[in-house]
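By convention here, the first residue in the shown sequence is residue 1.
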Amino acid sequence: AAGAAFQYLLVQKTGAQKNVGLIQLNRPQALNALCEGLMAELRRALEAMESDPDVGAIVLTGSQKAFAGRGGPLPTPKFWWGGWCPTSLPFAAGADIKEMQNKTFQESYSGSFLSGWDKVSVVRKPIIAAVNGYALGGGCELAMMCDIIYAGEKAQFGQPEILLGTIPGAGGTQRLTRAVGKSLAMEMVLTGDRISA
């Protein structure tokens, strides 16, 4: 996976023994909106990491450009015990609404629009979501599919789909309820309000 060409991801192995897979969402011009192309690449990267015997765990994070506004190359990642804090990288603003806006319910439901989104939740190796920015809608659902969420001080989680007249479509209502309890989940889903870390 580290050598494969990706348009929407930066993929590498990191750590002292190069045994941690690092996948960074890298679509800053769209605030890491989760388009079909990005999700297909994510499935491909996860499959490669899962089949790599050298990889023991995977970190999924966002790109610096999307929310931090900093240009330039990405830092050389090191793990917590080596000084690198994965939450210096923001996450995802959600599903790509521009890609979805002209689809009817039937097209979305019967097509492959959400197929494969659950790949994160079925990978056998532990996946850590490192979030320090917006994880909204599909971005929040993607983070909740991970085994652990490592949230930085600037992390914002939300399910704002109600503001577009719909509800979370990738398992967000079920996962959010398990993560934060029924009352807060209902408040977030029915109002579109965000919570911080």
Side-chain angles (χ1 to χ4, degrees), residues 1-12 21-52 55 57-67 74 86 89-150 155-161 164 166-176 179:
F6 293 102
Q7 180 179 354
Y8 303 117
L9 303 176
L10 298 174
V11 180
Q12 63 182 308
L22 177 63
I23 301 173
Q24 293 176 278
L25 307 178
N26 188 36
R27 197 171 173 230
Q29 73 283 4
L31 301 179
N32 286 337
L34 304 173
C35 64
E36 288 184 28
L38 186 149
M39 294 308 291
E41 287 185 7
L42 180 58
R43 284 189 300 277
R44 200 172 84 217
L46 288 169
E47 287 166 0
M49 296 283 182
E50 187 170 33
S51 65
D52 186 335
V55 173
I58 302 164
V59 174
L60 179 61
T61 192
S63 70
Q64 288 180 314
K65 293 180 183 180
F67 305 108
L74 292 168
L89 304 170
F91 205 63
D96 190 336
I97 303 302
K98 288 181 183 176
E99 187 176 79
M100 298 169 53
Q101 69 185 357
N102 294 323
K103 293 184 187 228
T104 65
F105 171 78
Q106 190 61 32
E107 288 170 334
S108 295
Y109 187 74
S110 63
S112 62
F113 182 67
L114 289 177
S115 68
W117 271 57
D118 64 342
K119 179 63 181 174
V120 174
S121 62
V122 297
V123 169
R124 293 181 304 261
K125 295 179 181 179
I127 301 179
I128 300 166
V131 182
N132 194 39
Y134 296 114
L136 305 175
C140 184
E141 290 172 288
L142 183 62
M144 289 188 293
M145 288 180 203
C146 296
D147 300 299
I148 298 169
I149 300 175
Y150 188 78
Q156 294 277 317
F157 298 90
Q159 298 290 169
E161 290 87 345
L164 298 174
T166 187
I167 63 169
T173 53
Q174 295 84 16
R175 286 186 182 93
L176 188 61

State, with a plain yes or no, whether a side-chain heavy atom of [X] is found less than 4.5 Å away from one of [Y].
X      : Y     : answer
Glu47  : Ser51 : no
Ile23  : Leu10 : no
Leu38  : Asn26 : no
Lys119 : Leu42 : no
Leu22  : Val11 : no
Leu25  : Leu60 : yes

So, taking the atom named [atom1] in [X] and the one named [atom2] in [Y], what distance separates them when rounded to the nearest 0.5 Å?
X      : Y      : atom1 : atom2 : result
Arg175 : Cys140 : CZ    : SG    : 10.5 Å
Ile58  : Asp52  : CD1   : CG    : 9.5 Å
Met144 : Gln174 : CE    : CD    : 9.5 Å

[X] versus [Y], closest heavy-atom pair with distance:
X      : Y      : result
Leu136 : Gln156 : CD2-O, 4.1 Å
Val120 : Cys146 : CG1-SG, 3.8 Å
Gly21  : Val55  : N-CG1, 3.7 Å
Ala143 : Phe157 : CB-CE2, 4.5 Å
Asp147 : Pro126 : OD2-CA, 3.2 Å
Ala135 : Val131 : CB-CG1, 3.9 Å

| Contacts of Glu41 that satisfy side-chain hydrogen bond (donor to acceptor under 3.5 Å, both in side chains) - sequence neighbours left out |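 If we apply the side-chain hydrogen bond (donor to acceptor under 3.5 Å, both in side chains) test to Glu41, skipping adjacent residues, there are no hits.
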| query | Can any side-chain N or O of Asn32 pair as donor or acceptor with the backbone N or O of Arg27 at less than 3.5 Å? | reply |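 A pair under 3.5 Å: yes.
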| request: Answer yes or no: is there a donor N or O on one side and an acceptor on the other, between the side chain of Thr61 and the main chain of Gln24, under 3.5 Å? | output: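 No, Thr61 side chain to Gln24 backbone: no donor-acceptor pair under 3.5 Å.
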| task | Test side-chain contact (heavy atoms from CB on, under 4.5 Å) on Glu161 and Glu141 and set out the steps. | result | CA-CA 12 Å; Glu161 290 87 345; Glu141 290 172 288; 3.7 Å; yes
| said: Please determine whether side-chain contact (heavy atoms from CB on, under 4.5 Å) holds for the pair Ile128 and Tyr150, giving the CA-CA distance in whole Å, both sets of side-chain angles, and the decisive distance to 0.1 Å. | reply: CA-CA 7 Å; Ile128 300 166; Tyr150 188 78; 4.1 Å; yes
| message | The test is side-chain contact (heavy atoms from CB on, under 4.5 Å); show your working for Val59 and Ile127 and say whether it passes. | response | CA-CA 6 Å; Val59 174; Ile127 301 179; over 6 Å; no
| request: Sequence neighbours left out, what pairs pass salt bridge (Lys or Arg N to Asp or Glu O under 4.0 Å) with at least one residue falling in residues 123-140? | output: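 Counting only pairs at least two positions apart or across chains, the salt bridge (Lys or Arg N to Asp or Glu O under 4.0 Å) contacts touching residues 123-140 are Glu50-Arg124.
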| message | Is there a side-chain contact (heavy atoms from CB on, under 4.5 Å) between Arg44 and Phe6? Walk through the geometry before answering. | response | CA-CA 10 Å; Arg44 200 172 84 217; Phe6 293 102; 3.0 Å; yes
